[in-house]
Amino acid sequence: MVVDSPNGVSGVNNELLQTALFKHVSQAEAEELMPYMKRAEFEKGDYIFREGSTDQRMYLLEFGKVKLIREASDNRVQLLSIHTRGEILGEIPVFDPAGGPRTASAIAMSNGTQVGWLEHDTLFSWLNKHPRIAVNMLQVMANRMRANNEQISDLVFMDVPARLAKTLLDLASRFGEPVESGVRVPHDLTQEEMAQLVGSSRETVNKALMDFANRGWIAREGRSIIIYQPGALIRRSRH
């Protein structure tokens, strides 16, 4: 990990304003935080923060991809989500009155992953000065809670192919690149990680991927997937 000084954050204020938590913040209000934002660079596989740690930093992902995982005592891993440029990470301990610990680990998925962060006391001092912004942030947090509830419901009520179809569509909406034949989704996940993200075994997910490919809906190219028929995936995700 390489840590830069707070002064090495040129342009990060624009990134901050694009995040869901700060989209209602004015340029002048955001610039009040800039002198306090620190920045670091991570290589692939580096931990940005670890499950169980008690720091109260909130992170902004400036460049690269980061995965959030949970690890069981028997070393099983659950891949919770993937995050990319302009997204906020690790906000739960910041807004938890008890202060922590962290509920997941954040790991860089690519070399040169860059993040900025703010400490709890700095952020809350700023929110006390601008209470309207705190209300906006509560609304965003409520939307995230709704999304988490939907994810839990999917695990209970949807079969694996439906969850896989929904996962592929979500990855396409966030990382997809239009190509002549459809949409290329460079997910950068191993087969095991894809299974963890869907919430099933590697064998079951691979079987579903093969079925989608045989139907002509997708094609697999290394750690990318070409989606030929998004409509078919939408229909499969709904039953």
Side-chain angles (χ1 to χ4, degrees), residues 1-70 80-148 174:
M1 177 183 72
V2 178
V3 180
D4 292 340
S5 68
N7 292 329
V9 293
S10 60
V12 74
N13 52 338
N14 294 324
E15 294 288 349
L16 191 68
L17 290 173
Q18 297 305 311
T19 65
L21 281 176
F22 288 86
K23 65 180 180 180
H24 298 296
V25 177
S26 71
Q27 181 79 30
E29 290 167 337
E31 287 180 351
E32 294 177 21
L33 286 174
M34 291 310 103
Y36 303 99
M37 182 170 279
K38 298 180 181 179
R39 187 168 172 266
E41 184 173 303
F42 298 85
E43 298 304 297
K44 183 177 181 180
D46 286 349
Y47 279 77
I48 298 168
F49 55 79
R50 290 180 180 269
E51 180 179 354
S53 63
T54 56
D55 71 280
Q56 290 185 283
R57 295 172 176 173
M58 186 175 72
Y59 292 83
L60 165 67
L61 180 52
E62 299 176 55
F63 180 80
K65 288 182 182 177
V66 171
K67 61 182 178 181
L68 292 184
I69 67 166
R70 296 197 69 172
L80 301 174
S81 55
I82 299 172
H83 298 268
T84 189
R85 180 179 181 180
E87 297 188 21
I88 293 292
L89 300 170
E91 74 278 5
I92 291 177
V94 177
F95 293 100
D96 181 354
R102 291 200 176 276
T103 58
S105 298
I107 302 175
M109 296 179 65
S110 56
N111 291 330
T113 294
Q114 297 175 10
V115 299
W117 75 79
L118 292 164
E119 299 286 354
H120 169 277
D121 291 348
T122 296
L123 184 60
F124 268 69
S125 175
W126 180 72
L127 289 175
N128 285 334
K129 185 177 178 181
H130 305 289
R132 170 189 54 80
I133 298 173
V135 174
N136 292 334
M137 288 187 173
L138 284 174
Q139 294 172 343
V140 174
M141 298 288 284
N143 287 334
R144 290 196 176 189
M145 184 177 297
R146 183 179 293 110
N148 289 338
R174 301 173 64 206

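Atoms considered below: every heavy atom in the structure, side chains included; atoms not considered: hydrogens, waters and symmetry mates. The model shown is predicted, which means the values in this text are computed figures rather than measured ones.
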*Do D121 and W126 have side chains that get closer than 4.5 Å, going by heavy atoms?*
no

*Can you sort out the partners of A106 under side chain to side chain contact (heavy atoms under 4.5 Å, CB included), two or more places apart, ordered by chain and number?*
I48, F49, V66, L68

*Under the side chain to side chain donor-acceptor pair (under 3.5 Å) test, which residues partner N143, sequence neighbours left out?*
R146

*After noting the C-alpha distance and the side-chain angles of R39 and E62, does the key distance pass the side-chain contact (heavy atoms from CB on, under 4.5 Å) rule?*
CA-CA 9 Å; R39 187 168 172 266; E62 299 176 55; 3.2 Å; yes

*Give a yes or no answer on whether the side chain of R70 reaches the backbone of T103 with a donor-acceptor pair at less than 3.5 Å.*
yes

*Atom pair CZ/CD of F42 and Q114 - distance to nearest 0.5 Å*: 10.5 Å

*Which residues satisfy the side chain to side chain contact (heavy atoms under 4.5 Å, CB included) test with E119, sequence neighbours excluded?*
R57, W117, T122

*Taking side chain to side chain contact (heavy atoms under 4.5 Å, CB included) as the test, write out the residues that go with E87, two or more places apart.*
H83, T84, R174

_Are the side chains of V115 and L60 in contact, using a 4.5 Å heavy-atom criterion?_
no

*side-chain contact (heavy atoms from CB on, under 4.5 Å) between K65 and R85, intermediate numbers included*: CA-CA 7 Å; K65 288 182 182 177; R85 180 179 181 180; over 6 Å; no

*OG1 on T113 to CD on E41, rounded to 0.5 Å*: 8.0 Å

*Could you check D46 against E43 for side-chain contact (heavy atoms from CB on, under 4.5 Å), going step by step and ending with a plain yes or no?*
CA-CA 6 Å; D46 286 349; E43 298 304 297; 3.6 Å; yes

_Side-chain (R102) to main-chain (G90) donor-acceptor, under 3.5 angstrom_ = yes

*asked:* For a quick test of reading the model, state the closest non-hydrogen atom pair linking S110 to G64 and the distance between them.
replied: OG-CA, 3.6 Å

*Taking side chain to side chain contact (heavy atoms under 4.5 Å, CB included) as the test, write out the residues that go with S105, two or more places apart.*
Y47, R50, E51, I69, E71

*If you round to the nearest 0.5 Å, how far is CD of Q56 from CD of E91?*
13.0 Å

*What's the spacing between L118 CG and K38 NZ if we round to 0.5 Å?*
10.5 Å

*Between OH on residue Y59 and CE on residue M37, distance to nearest 0.5 Å*: 11.5 Å

*Do F124 and V94 come close enough that some side-chain heavy atom pair is under 4.5 Å?*
yes

*Output the distance between atom CD1 (I107) and atom CD1 (I82), rounded to the nearest 0.5 Å.*
12.0 Å

*In chain order, what residues pass the side chain to side chain donor-acceptor pair (under 3.5 Å) check against S26, with sequence neighbours excluded?*
E29

